[in-house]
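A quick write-up on the structure given underneath.
As the structure is a prediction and not an experimental result, all values here were calculated from the model. Computation of the quantities below employed the complete heavy-atom set of this structure, encompassing side-chain atoms and omitting hydrogens, waters and symmetry-equivalent molecules.
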Amino acid sequence: MPSVLLRCRDRSARRPALALALLTGLATAVVAVAPGATAAGTPDPLESAVRNVLPPGQSGSIDAAKLATVVAGDPQGRVAVEGRNAPPNFADQLEMYDGLNRLDPASVSAGDVGRLYKRAGFTPDTVVRSATPKPGVRIRWDAYGVPYVDGRSAEDVAFGAGYAGTMDRMFLQDVLRHAGAARAAEFLGPTAGNTAMDRHQLQIAAYTPAEAEAQLDGVVQRYGEEGRALLARADAYLAGINAAQHALCPANLPTGLHCPAEYAALQKAPKDWTRADLVYVASLVGGIFGKGGGGEADNARWLQQLQGRFGAARGLAYYRDLRAKNDPEAPTTASVRTPYGGGDPNPAQPGVALPDLAGPTADGTGSDVGGGAPPLAHAPPTLGLDMPHESFLPLTTRGASNAALIAGSRSADGHPTVVFGPQTGYYAPQLLSEEVLNGPGIHARGVSFAGTSLVVELGRGLDYAWSATSASSDIVDTVAERLCEPDGSAPTVHSTHYLADGRCVAMTSWVHEETALPNAGATNPPQQLRMQVLRTGHGIVQSRVTVHGIPVALVLQRSTYGHEVDSVIGFARVNDPAQVHDPASFNRAMSGIDYTFNWFFANDKDIAYFGSGRLPQRAAGTDLDFPRWGDSRYDWTGWVPTSGHVQQANPPSGYLVSWNNKQAPGFSAADNVWGYNSVYRSRALADRVAALAATGHATVPRLVGAVADAATVDSRARYTLPALLAVLGDGGSDPQTRKAVALLRRWLADGAHRVDRARSGHYTDQAAIALFDEWWQPQHEAVPDSSPGALPKDVLRPVLGSLVDQLPKALDDHPREGKGSSWNEIAWYGYVDAELRRALGHGPAGTRTASLCGDRAGCADTVLASLTAAVQRALAAQKVTDVDALTYDKHLDDIRHTTAGLVGVRPIDWQNRPTFQQVVHFTTAR
């Protein structure tokens, strides 16, 4: 992947005295300058270049006194409402965040930006409180509760980060470390969700405490002196966490005046943190948010089902087309072709191992080995304090991170204009916590996951800013290990030995044990949980099946397994202003991050993009899409070098856009990612950013408005309705169906938004929205397979028949889930668009011409029948006789913050937006 770094400069010669003081460790120089001003008293453009917002608020610690205040104002739901019963800084950014969604995007002003995003400088506007937890460390908190940590040494800064982070997120950090250690049920109680979360964590990142602690020593082996410096900072960070815990909960008892109230509710006492705990949190975050791949077994099953119906050649052709591994219509962030992942899927490769569709099976890691754990469940992995108000903490990739960067050449004043941010879900308190870190080798402000805040993971440096979106690049493979018995007898799927190049070796095996006791929020009987862990040299065993009748273990090999904490190196680099000053140095810094993310950079002259990840180079004879044999000749052969990663700076288009879409032409979608096709939600953002860039006069308010406008688009409808309406024509002879078509046309003309900016209580096009939702995926009743039901399946059913019900991909990603992020990576959106365009005679170039929907007339009949059935269902469900009378309860779409403790916040109107969002506009450099 060739580098396209158009301008690389070292501007170190222009550093002012303030920057030099920072770089040499004189942290006190920062506080000698008035907030937001230079020593001469003039406004400091570097201080004011970034604004941000992080709902609901910075504080997340609730002691008994604060809890009583919340309960007094809301005794049933324990909801903290700003201005009424919220503790300080618990919900003060929620109204700011919700406020943007109330504005006309075309009319956003500089005043609106200043009101709805707080200034993100390095000196507090107001110091509300301060602390000196040890000599050499000073912490000041501003009016928003953001801690500013100054340290005489890098270790002092790390200590202060641990101390301040624990003051804000002590209980949440504790939840995350227990979840990372697969001990959520032990800590939070014996609920089905907590047990499922523990089982899931064992399947992706099972470590004994000794193995977890050894990871930090591995960083030293990999990075030498850089790793040793990190280890010293990590130990100081842990010391800071423990000092804060002792301050809040003296003697580690839950009875302290300021000890988080959740401990008393759970009847638990906090324990000191160890190196292993830091790794457990990193493994939880990295194993969920920073990976892609691992879907090879599902792919193999779907391929064989297609081939069983249509024959080997035709079945493979359908598989390749629906898979969209490198769909030329898929929107990409970079324009530079960057090959990775090989060509079309080819199951005939000698290293491919396709599991049998039918045959004996046995469980792998996570299976119950007796003692009270429920059997393997299909419930989504969740964890949390299941208090009477049903609080819980689901940890899944939300995927609403986005980035919009416009180059200086297309901005009104010649400097880049940027709005970007990550999406980690909506929680109270937030999983992310904000901090300002300042000392030798570190000068950064931004957010980090609770429990990993020894570095800033997303934010700004002295004269640059960075952010990320999930890339889902393929760093996980499924390996089929041939099972064996050490005595030479015939193996079965229950065998626990495997062949390693002809030698029969034992799997690494242990039993993970937990005692889960009931509490006020988890009243199930006590359970002694005992779950099996099985691991081979390639990774963790997921299940045991057969391939051509041969018993095998299916193992997930993840390139970051055993290396989750290594990525702190990359974050430490980007926090150091001496190491980052342009796109080239930014790429070097982010190449130290093994997780798979899209990283974006902006300063006063450049915008840039770099794709991180420990990307495996795969052996000849294997295929990205399917499981491979465990023989060493099919093992990974190395790692893609930095120069081979997706990267681009100052693109010819004048802008960069990412909304978890495909990275670059030729960069293959991971085996579990099927949605990189013609319909992707990034188009809603790119359409607006491209139009703004084309004017050559982009400004911060106009870009904020463009991103806010894209945030309320129903991308599924916006980019499938044109083809649907072209096929439908006027809607046939049924009067209500004809009216339905007219409603859908009007909604499309309005931009297909789901928004109530005036807070009238309903969406403007609510009848069309209610109808389209029912049409896409019936909500009111089960529909027999032989009847018109879900639109996407109806479109593909004429050819695929019942196989449409076997395609292993979700049908929709809807706001009604209550998690904010929507319309992400759903292959069906593009399927509907492409198949209808084929039926109309102008389908995607270079692919098959025959539509799975049939010819134009037949497809039109199918789509019309599907819509008519949806109209009838909607009318019957709402007990009305006219589609114009259909209503939609917009509160079904509300963002409902997950309560990660005892106190929550109010729901807010839906918007498709990052959790933490930065507005960046540098006009000068150091």
Side-chain angles (χ1 to χ4, degrees), residues 1 204-205 282-296 325-326 330 332-334 338-342 395-403 420 422-424 449 452 457-458 466-478 539 556-571 573-574 586-601 608-618 624-625 636 638-648 658-664 666-676 682 824-825:
M1 305 175 198
I204 63 173
S283 71
L284 183 74
V285 173
I288 292 174
F289 294 100
K291 66 180 176 63
E296 294 91 350
K325 182 178 177 182
N326 272 300
T332 63
T333 297
T338 311
Y340 179 71
L395 284 176
T396 56
T397 305
R398 292 309 315 160
S401 310
N402 65 26
F420 52 20
Q423 170 62 267
T424 56
F449 283 95
T452 66
E457 292 161 357
L458 305 114
W466 74 96
S467 189
T469 68
S470 291
S472 300
S473 302
D474 202 324
I475 63 170
V476 184
D477 282 359
T478 302
L556 285 187
Q557 182 178 21
R558 173 164 54 89
S559 68
T560 52
Y561 182 65
H563 295 276
E564 285 93 351
V565 79
D566 293 18
S567 291
V568 179
I569 288 288
F571 295 117
R573 290 174 180 173
V574 79
F586 176 73
N587 290 358
R588 179 190 174 276
M590 306 320 276
S591 68
I593 295 176
D594 292 341
Y595 302 143
T596 165
F597 288 106
N598 303 306
W599 294 101
F600 297 91
F601 168 89
Y609 162 43
F610 178 80
S612 72
R614 200 177 192 211
L615 302 177
Q617 293 176 322
R618 293 174 173 85
L624 183 82
D625 267 43
W636 294 336
W639 315 105
V640 174
T642 301
S643 60
H645 285 239
V646 179
Q647 53 198 278
Q648 189 169 25
S658 174
W659 208 347
N660 309 109
N661 51 287
K662 186 177 175 68
Q663 295 92 328
F667 196 89
S668 299
D671 58 76
N672 67 327
V673 176
W674 286 45
Y676 289 167
S682 61
N824 187 41
E825 197 197 302

Student check: side-chain heavy atoms of I593 and W599 closer than 4.5 Å: yes
Test side chain to side chain donor-acceptor pair (under 3.5 Å) applied to R618 - qualifying residues, sequence neighbours left out: Y340, D474, D477
Within-4.5 Å side-chain heavy-atom neighbours: L458 and F449: no
Any T333 side-chain heavy atom under 4.5 Å of F600 side chain: yes
Side-chain heavy atoms of R614 within contact of D566, under 4.5 Å: no
Approximate separation, where rounding is to 0.5 Å, of I475 CD1 and L615 CG: 7.5 Å
A334 backbone acceptor or donor facing Q648 side chain under 3.5 Å: no
Test item: S612 side-chain N/O and Y595 main-chain N/O as donor-acceptor pair under 3.5 Å: yes
T642 versus S591, closest heavy-atom pair with distance: OG1-CB, 3.4 Å
Those residues that, when tested against F420, pass ring pair (Phe, Tyr, Trp, His ring centres under 6.0 Å) (two or more places apart): none
Ionic contact status for E564 with R558, cut-off 4.0 Å: yes
Backbone of L624 reached by a side-chain donor or acceptor of K325 within 3.5 Å: no
Interatomic spacing from NZ in K291 to OG in S559 - rounded to 0.5 Å: 11.5 Å
M590 and F601, any side-chain heavy atoms less than 4.5 Å apart: no
Inter-residue atom distance N402.CG - S682.OG, 0.5 Å rounding: 10.0 Å
Close side-chain approach of S467 to P422, heavy-atom, < 4.5 Å: yes
Heavy-atom pair with the smallest gap, counting every atom of G293 and A670: N-CB, 3.8 Å
Polar contact flag, side-chain donor to acceptor under 3.5 angstrom, N598-T469: yes
Residue pair K662 / N326, side-chain heavy-atom distance below 4.5 Å: yes
N824 to W659 - nearest heavy-atom pair and separation: OD1-O, 4.1 Å
Result of checking F610, F597, Y609 against H645 for ring-ring contact (aromatic ring centres under 6.0 Å, His included): F610
Main-chain N/O of G294 paired with D671 side-chain donor or acceptor, under 3.5 Å: yes
Side-chain touch S401/N660, heavy atoms, less than 4.5 angstrom: yes
Check: T338/Q663 side-chain N/O donor and acceptor closer than 3.5 Å: no
Any donor-acceptor pair under 3.5 Å from S472 side chain to G292 backbone: no
